[in-house]
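Following: one structure in structure tokens, then a few remarks.
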2 protein chains.
Amino acid sequence: MSSTGALGQLMQALRCLPGVGPKSAQRMAFHLLQRNRPGARQLAEALLDALDRIGHCAECRTLTEGTLCPVCANPQRDRSLLCVVETPAEVHAIDQAATGFQGVFFVLHGRLSPLDGIGPDELRLDLLERRFQSGEVKEAILATNTTVEGEATAHYIHAMARRDGIRTSRIAYGMPFGGELEYVDGTTLAHAFKGRREF
Amino acid sequence: MSSTGALGQLMQALRCLPGVGPKSAQRMAFHLLQRNRPGARQLAEALLDALDRIGHCAECRTLTEGTLCPVCANPQRDRSLLCVVETPAEVHAIDQAATGFQGVFFVLHGRLSPLDGIGPDELRLDLLERRFQSGEVKEAILATNTTVEGEATAHYIHAMARRDGIRTSRIAYGMPFGGELEYVDGTTLAHAFKGRREF
Ligand SMILES: [Zn+2]
Ligand SMILES: [Zn+2]
């Protein structure tokens with residue numbers, strides 16, 4: 001049996017998953033075809049369905065099914081408290097953890113990285129600026145990661161916010177330096193939120 | 001953002017992959033939707049295509065696209081030398097490694113395991129018996145894994161083959177005890193084939 005044809009293409013396609021190399025892809029392909037064909041079909045359908053239905057929230061840019069994500073669409077959320085994060089996974093992590101956070105989000109989909117061509121335009125900081133200028137936001141929690149680029153991004157947004165007279169804070173307590181917010185446990189994340197300090 | 005809807009369903013569906021728990025599934029879902037939508041679509045299509053096109057070879061029962069797999073369809077292969085393996089992944093591993101094996105295969109899709117209700121019928125040993133009785137096979141290489149159940153399966157097939165006057169051998173050299181054939185490197189596998197001994 002060669003690695004060409006439908007089987008080879010499946011092995012190749014599985015490698016688009018993060019952390020999946022040729023050996024794992026091979027193991028996954030055989031597992032699905034031999035032992036879990038219904039699961040394979042469900043996965044294919046879930047992928048197509050997600051691609052079809054999931055886009056960006058018009059307000060905060062997180063991944064969502066409707067025009068507005070459940071957070072932005074919820075009138076109970078405190079729109080004066082805006083938390084800026086790098087990725088939708090972080091919105092998810094913060095909302096899953098018992099952080100007590102009741103505000104809203106803005107998702108950058110990245111961080112400033114001039115060498116990679118990622119500047120304010122790529123992060124849609126124009127949309128964030130518009131939020132700041134609406135007068136609705138009182139405090140911006142800068143929850144970018146504690147990496148060098150995450151810090152630089154927080155500084156940049158801090159300067160923007162100050163021009164509009166908006167207070168900023170930075171989550172800090174409990175975050176390991178160089179750590180990725182998405183992989184921090186819920187308790188640490190809760191501490192990081194409660195222990196946030198003026199930027 | 002909650003874990004329901006299309007996103008939650010995708011996370012759930014990804015868990016059908018071996019070795020993928022809730023955290024990895026979440027990371028994979030976000031990665032695909034945020035950074036690799038074309039890859040996600042390709043994966044969905046490769047899954048559906050594979051499900052649609054890949055079945056069992058009528059002769060050896062390995063996974064294949066046609067009625068016969070490329071090995072069984074190849075007139076150059078030595079049909080007097082039959083290698084019995086547990087899974088299609090092992091056919092793949094043996095054919096990828098430079099074992100020098102030029103014979104044909106029979107795939108059991110498992111091993112005898114009475115406690116799990118896996119007996120001769122489940123392994124389609126009736127089909128194997130028919131091959132033995134055809135007079136075509138001179139030697140059966142028993143390449144089931146070196147686990148307790150794999151050994152028991154080899155013994156069972158050895159007894160069957162002997163009744164039909166067929167010589168059996170067992171690959172042995174270089175296989176770690178309790179090891180899974182699929183995960184052994186090519187060189188070890190080549191040695192195991194060359195060093196096979198009469199059962
Ligand atoms: Zn939103
Ligand atoms: Zn075949």
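Each chain gets a letter, A, B and so on, in the order the sequences are listed, and its residues count up from 1.
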Against chain B, label A:L32 side chain, backbone, both or neither, depending on which of its atoms sit under 4.5 Å from a heavy atom there.
side chain
Could you state the interatomic distance from CZ (A:F30) to OG1 (B:T62), rounded to the nearest 0.5 Å?
6.5 Å
Mind checking whether A:L48 and B:L10 sit in one hydrophobic cluster, side chains of I, L, V, M, F, W, Y counted as touching below 4.5 Å?
no
Considering all heavy atoms, the nearest B:A46-A:Q9 contact
CB-O, 4.0 Å
From B:L51, B:L47, B:D52, residue fulfilling side-chain contact (heavy atoms from CB on, under 4.5 Å) relative to A:R41
B:L51
By a 4.5 Å heavy-atom criterion (distance strictly below it), what part of A:R53 contacts chain B: side chain, backbone, both, or neither?
side chain
Heavy-atom closest pair, residues A:L14 and B:L43:
CD2-CD1, 3.7 Å
Ranked by heavy-atom pairs below 4.5 Å to chain B, first place among A:P18, A:G39, A:A13, A:C69 goes to A:P18
In sequence, state the C-alpha distance, the side-chain angles, and the governing distance for B:Q26 and A:Q96, and then conclude on side chain to side chain contact (heavy atoms under 4.5 Å, CB included).
CA-CA 12 Å; B:Q26 186 181 311; A:Q96 295 283 38; 5.5 Å; no
What residue, out of A:G19, A:S24, A:A50, has the most heavy-atom pairs lying under 4.5 Å from chain B?
A:A50
A:R37 side, atom CZ; B:C16 side, atom SG - distance, nearest 0.5 Å
13.0 Å
So which of A:R15, A:H56, A:Q42, A:H31 has the biggest tally of heavy-atom pairs under 4.5 Å with chain B?
A:H31
Once you round to the nearest 0.5 Å, how far does CD of B:Q34 lie from NE2 of A:H109?
5.5 Å
Shared hydrophobic cluster for A:I54 and A:L68 (ILVMFWY, side-chain gaps under 4.5 Å):
no
CG/B:L63 to CG/A:L33 distance, rounded to the nearest 0.5 angstrom?
5.5 Å
Rounded to the nearest 0.5 Å, what separation is found between the CG atom of A:L17 and the CG atom of B:N36?
9.0 Å
Step-by-step side chain to side chain contact (heavy atoms under 4.5 Å, CB included) determination, B:L7 to A:E65:
CA-CA 8 Å; B:L7 182 61; A:E65 284 188 44; 5.7 Å; no
Are A:I118 and A:V107 connected, step by step, through hydrophobic side chains (Ile, Leu, Val, Met, Phe, Trp, Tyr) whose heavy atoms are closer than 4.5 Å?
yes
